[in-house]
Undergrad: 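Handing you a structure now.
First listed ligand is number 1; within each ligand, the first listed atom is number 1.
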Amino acid sequence: MLKEDKTVMLLRTDTRDQAWIDAFSVTMPELEVRLWPETGDRSEINCALLWGPPPELFDELDNLEVIFSIGAGVDSLLTCQTLPAHLPIVRMVESELTAGMVEFCLFHVLRFHRLMHLFEKHRVERRWEDLTQVPASEVTVGIMGIGVLGQALARQLSALRYQVIGYRRGPGDVDDMEVFRGVDQFETFMRRSEILVALMPSTPETKKLINCRTLSWLPPGACFINAGRGDLVDEEDLVSALDGRRLAGAALDVFKTEPLPQESPLWTHPDVYITPHIASITHPPTACRYIADVIGRHRLGEPWPHLVEIGRGY
Ligand code: GLV
């Protein structure tokens, strides 16, 4: 059990160290935060908040009790060979991270549904053409990955009257949503998805789930939004699907290799929108409140919430 008087957190972020330190000093002033690689006496460290830990980070952390993931996705932790997999790993579930993801996906769903990607091209050509628009209630948005983020997106899309369907690999229903499950139902899900939103994690099972075969199942003129992980997609197949007009547009925030290599054909493809993995970023103030709440509940004897299941890969 994390001690009330001496909880020492090892922090390893990607870029925003000071924002985290400031947020913890407001939310958990009693917490001692040590910024990697300045660990001090490693035996005093009992929790860690991490993104992309180097393998040597876990050396001699003999009293580590819990690991918090900075990201919603935990692949940067699970690919670390030295990860102490017997410890609880708590996923980041915080309100601003969720809100950011919902905003990003809504923005692109609205763009594709209201044909803004086409009107943008027409403007360049000075072409005045009234394209036929359909109401949101006649557009089906398929969400791959219906965890916390996918469900939050589904609620907002439903409020805008879109038809929303969901796909997940494992079991589990979601209130008020038609859910397709497992490999058997993936084709039916894809055939219905006029706008496909990928929010799935990177696992061995999700690698290249979006490929020429599965893209061929989408309705003609479908659009694709990827805010999950880049390796869900076979990028060459995606470009072929766009070139062959099987796909009308793609908004990509994540890529097989990041930063996206200069030579990638995606950069210059006229039907692709690119953002540099910014769909949603964990916001330290709200994230620290989440961590404070989780630690507080743990001290009252409650189980750790949102635990990563190593076997399933997320
Ligand atoms: C970002 O990619 C995250 O996992 O939070």
Undergrad: Looking at G182, is its backbone amide N or carbonyl O close enough to the side chain of Y167 to form a donor-acceptor pair, meaning the two atoms are under 3.5 Å apart?
TA: yes
Undergrad: Could you tell me, atom by atom, which parts of ligand 1 come under 4.0 Å of a heavy atom of R229?
TA: 1 (C), 2 (O), 3 (C), 4 (O)
Undergrad: Relative to Y314, does R312 satisfy both conditions: NZ or CZ under 6.0 angstrom from the six-membered ring centre, and within 45 degrees of the ring's axis?
TA: yes
Undergrad: Is the closest side-chain donor-acceptor distance between D75 and T79 under 3.5 Å?
TA: no
Undergrad: For R91, which part has a heavy atom under 4.0 Å from ligand 1: side chain, backbone, both, or neither?
TA: neither
Undergrad: What is the nearest protein non-hydrogen atom to atom 1 (C) of ligand 1, stated with its residue, atom name and distance?
TA: H277 NE2, 3.5 Å
Undergrad: Any luck finding a side-chain donor-acceptor pair between N63 and S43 under 3.5 Å?
TA: no
Undergrad: State the atoms of ligand 1, each with its element, that fall below the 4.0 Å cut-off from a heavy-atom position in A72.
TA: 3 (C), 4 (O), 5 (O)
Undergrad: Looking only at distances, can you tell me whether any N or O atom of G73, backbone or side chain, sits closer than 3.5 Å to an N or O atom of ligand 1?
TA: yes
Undergrad: Any non-hydrogen side-chain atom of S280 less than 4.5 Å from a side-chain atom of F104?
TA: no
